[in-house]
There are 4 protein chains.
Amino acid sequence: MLEKIKETVYRANLELVNQGLVIHTWGNVSGRDEKSGLVVIKPSGVGYSEMKAEDMVVIDIEGKIIEGKFKPSTDSPTHLLLYKKWPSIGGIVHTHSTYATSWAQAGRNIPAFGTTHADHYYGEVPCTRKLTDQEIKFDYEVNTGKVIVERLVHTDPLAVPSALVNCHGPFCWGLDPGEAVYNAVALEEIARMAFYTVLLNHDKPISKKLLDKHFLRKHGKNAYYGQGEK
Amino acid sequence: MLEKIKETVYRANLELVNQGLVIHTWGNVSGRDEKSGLVVIKPSGVGYSEMKAEDMVVIDIEGKIIEGKFKPSTDSPTHLLLYKKWPSIGGIVHTHSTYATSWAQAGRNIPAFGTTHADHYYGEVPCTRKLTDQEIKFDYEVNTGKVIVERLVHTDPLAVPSALVNCHGPFCWGLDPGEAVYNAVALEEIARMAFYTVLLNHDKPISKKLLDKHFLRKHGKNAYYGQGEK
Amino acid sequence: MLEKIKETVYRANLELVNQGLVIHTWGNVSGRDEKSGLVVIKPSGVGYSEMKAEDMVVIDIEGKIIEGKFKPSTDSPTHLLLYKKWPSIGGIVHTHSTYATSWAQAGRNIPAFGTTHADHYYGEVPCTRKLTDQEIKFDYEVNTGKVIVERLVHTDPLAVPSALVNCHGPFCWGLDPGEAVYNAVALEEIARMAFYTVLLNHDKPISKKLLDKHFLRKHGKNAYYGQGEK
Amino acid sequence: MLEKIKETVYRANLELVNQGLVIHTWGNVSGRDEKSGLVVIKPSGVGYSEMKAEDMVVIDIEGKIIEGKFKPSTDSPTHLLLYKKWPSIGGIVHTHSTYATSWAQAGRNIPAFGTTHADHYYGEVPCTRKLTDQEIKFDYEVNTGKVIVERLVHTDPLAVPSALVNCHGPFCWGLDPGEAVYNAVALEEIARMAFYTVLLNHDKPISKKLLDKHFLRKHGKNAYYGQGEK
């Protein structure tokens with residue numbers, strides 16, 4: 001079942017490796033089937049080079065395995081919580097990509113230092129608070145999703161399609177798995193440039209006017225970047 | 001029409017990707033036809049891997065589409081302003097390359113710290129002032145060109161063939177699109193070395209004598225680098 | 001003899017180059033045969049591209065050459081000391097990989113700054129003390145092993161499968177050569193992210209609770225990451 | 001004439017590009033023929049991809065072109081001065097490799113921070129003084145060689161086979177062009193690790209004892225690294 005989404009999720013996982021965002025098994029992608037609401041996700045701890053499209057695991061929104069011979073990614077409860085809370089999203093990526101993870105480890109939001117950032121995020125890329133000891137001990141992976149949602153409670157998740165989990169690393173999302181990977185690639189480069197900017201002793205984000213200009217020329221009803229389709 | 005320049009501009013766009021200066025659609029190249037004055041430019045938001053030479057858009061100096069089924073790059077008005085003000089240039093490149101963009105985000109000129117820099121730029125690589133709120137709101141892309149020209153008003157654009165737009169990223173130019181790409185590659189490496197130099201606690205540019213020596217042994221009528229043709 | 005282990009050790013050496021951990025001849029891998037206790041190791045100073053599987057050298061635990069036309073790696077006495085002291089390990093890797101070596105040169109332990117670290121190391125990656133002048137002068141390579149063991153005396157070597165030798169570089173180990181290479185790859189990326197984290201002005205390791213959660217969800221009897229086999 | 005050395009010098013030039021030490025035409029290699037004393041060097045400003053082995057230029061020790069349809073590298077007088085002063089060397093490489101050049105731009109010697117450095121350089125990699133205005137104005141390229149020799153006057157050039165020219169970049173040498181390239185690759189990685197070490201707030205070189213141990217286990221009559229031939 002859901003062979004097409006399995007293929008998409010499989011390819012999206014491989015793309016993380018090709019883009020240099022993931023080594024070993026340090027990442028996973030999932031996709032949600034719009035009709036059934038079922039989620040397709042990478043199997044846990046299986047190497048990217050051995051993995052096949054058919055090995056992707058189908059789970060329902062409560063995490064029950066519907067199809068698949070493998071256990072789903074350990075991070076599945078985090079993915080599922082985001083899908084539950086945000087009906088608009090259809091794909092999620094988790095990586096430990098170098099620069100985004102470094103910002104997460106430092107516990108810092110990534111300020112919008114330039115138009116590259118503003119083209120993709122309508123404001124800073126937020127870093128969550130740390131989980132409490134209790135949140136770590138019980139339902140850790142669910143709570144990881146909860147602190148993300150909590151941090152973005154006043155934000156449209158498609159306008160800020162990534163968050164850094166404190167002490168951990170980035171989660172990115174989008175309308176589908178491909179867009180989530182696209183955002184993960186953009187985030188890593190933005191995180192890298194922000195890191196260099198900080199080392200050049202700069203710490204002021206761009207003005208609201210410039211943020212608006214760049215984000216809104218690419219997104220929303222008055223966008224004029226691109227070919228107008230999409 | 002202008003099939004040869006379309007092919008050149010197309011290949012120059014792909015070269016930006018091959019050289020690691022551009023991911024996603026974060027860059028564009030244009031070229032000016034010397035006879036007609038028409039400009040050939042990358043279509044807006046079209047992926048590099050799908051793009052063909054014939055998809056390049058032909059526009060006149062006022063931005064009117066002369067030929068092409070796509071909309072031209074959103075940054076076209078910036079390119080056009082530079083072509084208008086600087087008759088000597090025939091190619092323009094815009095990227096968000098990592099190190100050059102980081103300097104732009106920090107709002108800093110790149111000092112001439114060494115002979116690598118002096119071989120290519122006759123002085124610092126300038127960073128523009130920030131645009132005012134009004135300049136952002138109305139004719140943003142034209143004004144982006146204007147602050148570049150304003151910053152280089154006393155400079156031969158072929159002696160300093162790049163500028164950093166504050167909070168944004170680099171624009172590079174040259175006699176033709178190939179030379180503009182050549183300069184974009186040089187700029188990124190020069191920006192990278194300057195970044196490391198600053199982190200090694202050094203902030204003094206080289207002497208005027210050394211700057212003259214290296215720039216003038218490669219450029220101008222007394223140049224003795226290379227095979228004397230070109 | 002031991003053709004299979006020779007092949008494994010040979011391939012593990014090449015993998016160091018493929019993973020970007022080694023240039024020139026700056027690294028070596030060994031493997032221990034469980035039955036005979038013999039050790040197979042890279043020959044000293046032989047280039048990776050000329051080397052063949054059959055060139056791997058077989059030595060006994062005292063360093064005597066049992067088979068092979070080449071001299072074993074100069075670092076053999078270090079490998080042998082670790083094998084003697086730690087019966088549980090079956091593979092050792094030594095590299096001068098960039099970031100791990102930089103931490104070693106700075107004489108600093110790598111703190112557990114995030115979950116990537118905690119997934120692989122049950123605590124900081126330790127840096128040894130410096131060797132004394134006497135330890136450098138006599139039996140230098142044996143003493144290099146001794147300061148590693150001394151530093152990890154209260155630690156299960158499979159729970160912290162790497163150490164940095166002060167002023168020198170990393171040694172990594174595992175159940176077999178493949179796992180040792182896996183750990184060397186992980187260490188380099190963890191060292192890189194820790195470096196960036198420190199440059200972002202962060203110096204606090206994660207809580208014991210989060211360290212436990214991540215290490216123990218991947219390792220030990222209550223692990224629930226992966227497919228449960230292994 | 002000297003077809004074999006031409007081929008060697010040609011391949012050594014390409015290797016600089018393959019190893020990531022050179023972009024554009026930012027580097028050159030030369031080799032000296034032991035019998036005739038003639039020098040073979042890269043032509044000036046010719047691209048690596050167009051260049052052929054037969055394009056290498058043969059010059060005598062005073063710089064007179066003996067064979068070749070191209071002008072020799074602009075840096076030829078620097079190469080020739082080093083060959084004159086140091087009879088023991090047979091190959092020279094000049095690059096603008098990123099990290100080594102950054103140290104040169106900062107005007108700093110690279111301290112021996114670890115055993116990787118000590119394996120290749122018997123002490124710090126020296127940075128020359130700046131050239132005076134007069135030295136820049138007249139015979140600039142010869143004077144570039146002179147400040148290198150001046151800086152290494154009490155040193156065996158094969159024990160410290162590289163120097164950084166202040167505000168410029170590295171020159172490396174060796175018994176032949178291959179060894180010079182080998183050293184250029186080693187230098188860049190050593191410069192990179194030293195840069196990170198400094199950023200980790202460490203500035204003390206290793207002890208004389210450790211420097212001796214590592215340099216002398218690889219070089220000289222008591223060396224025991226490698227297979228004893230060479």
Side-chain angles (χ1 to χ4, degrees), chain A residues 15 18-21 97-99 110-120 174 178-179 181-219 222-230, chain B residues 20 22-28 43-47 50 55 57 68-76 94-108 110 127 130-141 143-144 164-169 191-192 194-196 198-199 203:
Chain A
E15 185 66 7
N18 294 339
Q19 293 284 346
L21 302 185
S97 66
T98 313
Y99 290 92
I110 305 177
F113 282 136
T115 62
T116 324
H117 186 120
D119 283 336
H120 294 83
E179 198 177 285
V181 170
Y182 178 95
N183 289 332
V185 171
L187 174 63
E188 180 62 6
E189 181 62 13
I190 286 164
R192 189 180 172 203
M193 296 196 303
F195 174 72
Y196 297 149
T197 304
V198 162
L199 263 60
L200 285 168
N201 285 322
H202 184 84
D203 61 6
K204 288 213 190 62
I206 57 174
S207 69
K208 184 66 171 55
K209 273 278 185 307
L210 188 57
L211 180 68
D212 283 351
K213 181 72 198 176
H214 268 264
F215 191 77
L216 300 174
R217 83 174 187 171
K218 270 193 117 165
H219 306 269
N222 294 320
Y224 58 94
Y225 179 96
Q227 298 301 327
E229 89 292 0
K230 175 161 174 175
Chain B
V22 162
I23 60 168
H24 292 335
T25 58
W26 300 5
N28 46 68
S44 179
V46 176
E50 313 138 34
D55 297 338
V57 187
K69 58 179 189 283
F70 290 111
K71 283 165 57 187
S73 167
T74 316
D75 296 316
S76 297
H94 172 47
T95 76
H96 291 228
S97 67
T98 314
Y99 289 92
T101 301
S102 299
W103 282 90
Q105 292 191 158
R108 293 172 67 163
I110 305 178
C127 183
K130 291 182 187 179
L131 277 73
T132 64
D133 284 356
Q134 286 302 303
E135 289 170 332
I136 291 169
K137 199 165 175 187
F138 305 105
D139 291 330
Y140 171 67
E141 290 83 4
N143 291 326
T144 298
L164 308 176
V165 176
N166 207 312
C167 302
H168 191 148
R192 188 179 172 205
F195 174 72
Y196 297 148
V198 162
L199 263 61
D203 62 6

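So you know, we letter chains A, B, ... as the sequences are listed, proteins then strands, and number each from 1.
Using a 4.5 Å cut-off between non-hydrogen atoms, the part of residues 130-137 of chain B that approaches chain A consists of Asp133(B), Ile136(B), Lys137(B).
Proximity to chain A involves both the backbone and the side chain of Thr25(B), based on heavy atoms less than 4.5 angstrom apart. With a 4.5 Å cut-off on non-hydrogen atoms, Pro72(B) does not touch chain A at all. Contact of Phe195(A) with chain B is not made at all, since no heavy-atom distance falls under 4.5 Å. Val46(B) touches chain A through its side chain: at least one heavy atom from C-beta onward sits under 4.5 Å away, while N, CA, C and O do not.
Using a 4.5 Å cut-off on side-chain heavy atoms (C-beta onward), Lys209(A) and Tyr140(B) make no contact. Between Lys71(B) and Tyr225(A), the closest side-chain pair of non-hydrogen atoms is not below 4.5 Å.
At least one donor-acceptor pair under 3.5 Å links the side chain of Arg108(B) to the backbone N or O of Leu200(A). In terms of modelled atom types and a separation under 3.5 Å, the side chain of His202(A) and the main chain of Gly107(B) share no donor-acceptor contact.
Using bins of under 30°, 30° to 60° and over 60° for the plane-to-plane angle, the ring pair His168(B)/His214(A) lands in the perpendicular bin.
The minimum heavy-atom distance linking Met193(A) with His96(B) is given by the pair SD-O, 3.8 Å. The shortest heavy-atom contact between Ser44(B) and Gly226(A) is OG-N, 2.7 Å.
Rounding to the nearest 0.5 angstrom, the gap separating the CZ atom in Arg192(A) from the OG1 atom in Thr98(B) is 4.0 Å. Rounding to the nearest 0.5 angstrom, the gap separating the CD atom in Glu189(A) from the NE2 atom in His24(B) is 9.5 Å. Distance check, rounded to the nearest 0.5 Å: NE2 of His117(A) to SG of Cys167(B) gives 12.5 Å.
Considering only heavy-atom pairs separated by less than 4.5 Å from chain B, the leading option among Ala186(A), Ser207(A), Ala118(A) is Ala186(A). Heavy-atom pairs under 4.5 Å with chain B peak, among Asp203(A), Thr197(A), Leu199(A), Leu210(A), at Thr197(A). When each of Asp212(A), Val198(A), Asn201(A), Thr115(A) is checked for heavy-atom pairs under 4.5 Å with chain B, Thr115(A) comes out on top. Note on Gly45(B), Ala106(B), Ser73(B): by heavy-atom pairs under 4.5 Å with chain A, the leading option is Ala106(B).
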